[in-house]
K.L.:
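Below you'll find the structure I mean.
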Protein chains: 2
Amino acid sequence: MSSKEDEKAPEIDKLADTGTLGKAIALLDLVTRAPEPLRFTDILKLTGLPRGSLHRQLRHLVLEGLLDDSPDGTYGPGLRLLEFASRAWAKSSFREVAAPHLLRLHQQTGETVHLGVLRGHEIIYLDKVEGRQALRLHSQIGKASPVYCTGIGKAALSVVSDELRAEILSALCFEPFTPGTHKDVAALLEDLQKIKSAGFAFDMEEHEIGIRCVAAPISSNDAAFASGISITAPAFRASPEQLKAWAPLVLEAAHAIQLDIPRRLGPAK
Amino acid sequence: MSSKEDEKAPEIDKLADTGTLGKAIALLDLVTRAPEPLRFTDILKLTGLPRGSLHRQLRHLVLEGLLDDSPDGTYGPGLRLLEFASRAWAKSSFREVAAPHLLRLHQQTGETVHLGVLRGHEIIYLDKVEGRQALRLHSQIGKASPVYCTGIGKAALSVVSDELRAEILSALCFEPFTPGTHKDVAALLEDLQKIKSAGFAFDMEEHEIGIRCVAAPISSNDAAFASGISITAPAFRASPEQLKAWAPLVLEAAHAIQLDIPRRLGPAK
DNA sequence: TCCATTAGTTCCACTATTCGGAACTGAGTT
DNA sequence: AACTCAGTTCCGAATAGTGGAACTAATGGA
C-alpha cells in the first residue's frame, strides 16, 4: 500500500470529483437557489469566477434549457428542469408503491399526508395527498427541508446506521425557524432517543409556527436509503392527544409500505 | 473562408455547441427518457460511446445526484432533479401571475384547468387545478406533450411568429396517438387557420381517447415565449356545444393573464 | 469442472475543451 | 467628451475528457 514517493497527497480532498459537470451543476445550484433573480455581475461576485469562464458556463446552461435568461438580464431556472423532474417523479417506483397507502391514510384522518426521503443532509418530499386546498397547490413536491426540524426528517434519522447519522449530525447547522426548533445536536439526540423507542416522531411547530405533525420512518434493506411518512395538520386540529391517536395509523401505513417494497427492489427509488 | 484542405466538414452541424455539459445532459436525457430502467450495457448500445467514457460520465451524473444507480445495476432519474424543479416551479413568476386566473376558471367550470408553455417543439405543463381526483395526483406538471395534438399546443402555435412556426412545423413528426390526431402539416395548418380566426383551439380526443379540451393562447411581448391555458374534460361532459360555451371563459382568462404579465416583465418565466 | 461469454471497471497516452487574462463594445452618467 | 460599469469576445496555456486495451467478476453452457 505505502509507496516511497510522498508526492501524492493522501486523501485530503472530500470533494466529489465530478470535473466539468460538477462545476456546471454547482453554478446551476447557486442560481436556482438564489432568493431573487441574479444578474451576470451578481453571479460573478458570488462565484469569484473569471468573466470569460462564467460567461461560457452560463451560455451553455441557457442553451441546454437548464437556465433561462430574461430580457432584463437576469438568470432563473429553466423549463427543462421541470421536464426532467416530471420524468423522475413518474418513474419513482417507491412513490408508486407508497401512493395507495398515503391515500388510505389521508382518508382515515382527513389531513395532509406526506412522503419524504433522505437525500444528503435533507429531506426531499416525494409525494403528498391533501384535501381541498385553496392555494399552494402541489407546492412542496421536490422541496428540500432540514432533517432536524421535520417529523419525517427526525424519523428517518432515527433508523439510519450510526455512521451515517454521525456524519449527518456533524454537518448540521441549526437554524432557529421557530422557538421550538432544536438548537443543537444534544437536544436533537435526546429527541431521537425518544423517537427510537416510540417508533414515531412528532414535530411540534419546530419548522413552522402553527404546523404540527406525526411521522413514522420506513426502513429498508438498503442502508443508504431512509424515508418516512407523516400526517400534518394545523396546530388547532393537532393537539398532543390527537397526534398520539394518529400515531398508530402512521406506523401501520409505514409498515405496510415497507412490506410492499421488496416486490420491486431497486429499479428507481 | 474556403481552404485547400477539404478534410473539415463545412457547416453540417446544427447541434448546439454546449461542449462537455451538452454531452452529459444528452446522456441524462436519454436515461430519464427510457420507458424502463437501463443497465450499463443498454446505454452503451444506445449511445455507441466507448466503455471508459460512458462509465465516467455515468459516475459523474450519479455523484451529482442527477441519476441514481440501483443495487440491481440499473440507472434511473435522481432525486436532485426533483429538488431543482421544485425551485424552478416555486420561482416561476409567470405561474404565480396565472394561478388566480386558473383557480377562477376552475371554479366557473368545475373542470380541470391547465397552464402550459411552449419549449422547443413541445408544450410543458406549468400548472394545473383540478377537482377531487382519485389518483394521478399532480401527475403532469412538467410533462412535455406534442404541440400538434394538444389544445394548448395548437393555441400557442397559432400566435408565434411565422418564422418560429415554420421552424417547428418542419421538425415535427406526427405520431398517431388516436384516430383524430392530425397526420401531417397540411391538416395541422388548416386547423391552425381556424384557430387563428376563432382565437381558441379545440382538442377533440386528438391526444387521448376520451379527453377533450378548449384552449386559448396567451401572447406576450416576448416573441419567443408562447403559452396557453385550457379547460380539459372527459368526452361525455365535453360535447361540442359545451366546449363552445366554455370558449369565452377561457378566452377571458387568457386575456386577463396577458394583462397581468407586464407588471413583472421577465424575471423568471 | 472448465472454458467461453458477457458485464462492468480501471488505466494511461493523446487530444479536444475549458480556463482566464486582457482587450473590446456599448449603455448610462458626470 | 471622458468616465464607469455591465456584458461579450478572443486566444495561448493548462486541464480535463477521450477511448482503446487490459483487467476482473459474474453467468452459463458442455
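Side chains are part of it too, since the values below use all heavy atoms of this structure and drop only hydrogens, waters and symmetry mates. Chain naming here is simple, since letters A, B, ... match the order of the sequence lines and numbering starts at 1 in each. Everything quoted here is computed from the prediction, not taken from an experiment.
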K.L.:
How close do B:P217 and B:A156 get, counting heavy atoms only, and between which atoms?
P.N.:
CB-N, 4.4 Å
K.L.:
Which residue, A:R39 or A:L21, contacts DNA chain D at a nucleotide closer to its 5' end, judged by nearest heavy atom?
P.N.:
A:R39
K.L.:
Reading DNA chain D from 5' onward, which residue's closest nucleotide shows up sooner: A:G73 or B:K23?
P.N.:
A:G73
K.L.:
Taking the side chain as everything from C-beta on, heavy atoms only, tell me whether A:W89 gets closer than 4.5 Å to A:D127.
P.N.:
yes
K.L.:
Answer yes or no: is there a side-chain heavy-atom contact under 4.5 Å between A:Y75 and A:V62?
P.N.:
yes
K.L.:
Tell me the interatomic distance from B:D69, atom CG, to C:dT9, atom C1', rounded to whole angstroms.
P.N.:
14 Å
K.L.:
Could you tell me how far apart A:L44 (CG) and C:dC19 (C1') are, to the nearest whole angstrom?
P.N.:
14 Å
K.L.:
Does D:dA16 have its OP1 or OP2 closer than 4.0 Å to a side-chain nitrogen or oxygen of B:T20?
P.N.:
no
K.L.:
Expressed as a whole number of angstroms, how long is the span from A:F40:CZ to D:dT8:C1'?
P.N.:
8 Å
K.L.:
I need the minimum non-hydrogen distance between A:D17 and B:L63, along with the two atoms involved.
P.N.:
O-CD1, 4.2 Å
K.L.:
OP1, OP2 of C:dG8 versus side-chain N and O of B:H55: anything below 4.0 Å?
P.N.:
no
K.L.:
How many Å lie between CG on A:L54 and P on C:dT18, as a whole number?
P.N.:
15 Å
K.L.:
Please determine whether a side-chain nitrogen or oxygen atom of B:R56 lies at a distance below 4.0 Å from atom OP1 or OP2 of D:dT18.
P.N.:
yes
K.L.:
Which whole-number value in Å describes the distance from B:D17 CG to C:dA16 P?
P.N.:
14 Å
K.L.:
B:L49 has an atom CG; how far is it from atom C1' of D:dG17, in whole Å?
P.N.:
12 Å
K.L.:
If you look at every heavy atom in A:H207 and A:F177, which pair is closest and at what distance?
P.N.:
O-CB, 3.3 Å
K.L.:
Counting side-chain heavy atoms from CB outward, which of C:dG20, C:dA22, D:dG17 is closest to A:P50?
P.N.:
C:dG20
K.L.:
Rounded to whole Å, please give me the gap between CG in A:L27 and P in C:dT18.
P.N.:
14 Å
K.L.:
Separation of B:D72 atom CG from C:dG8 atom P, in whole Å?
P.N.:
10 Å
K.L.:
Can a side chain N or O of A:T41 be found less than 4.0 Å away from OP1 or OP2 on D:dC5?
P.N.:
no
K.L.:
Answer with base, sugar-phosphate or nothing: what part of the nucleic acid does A:S53 contact at a heavy-atom distance below 4.0 Å?
P.N.:
base
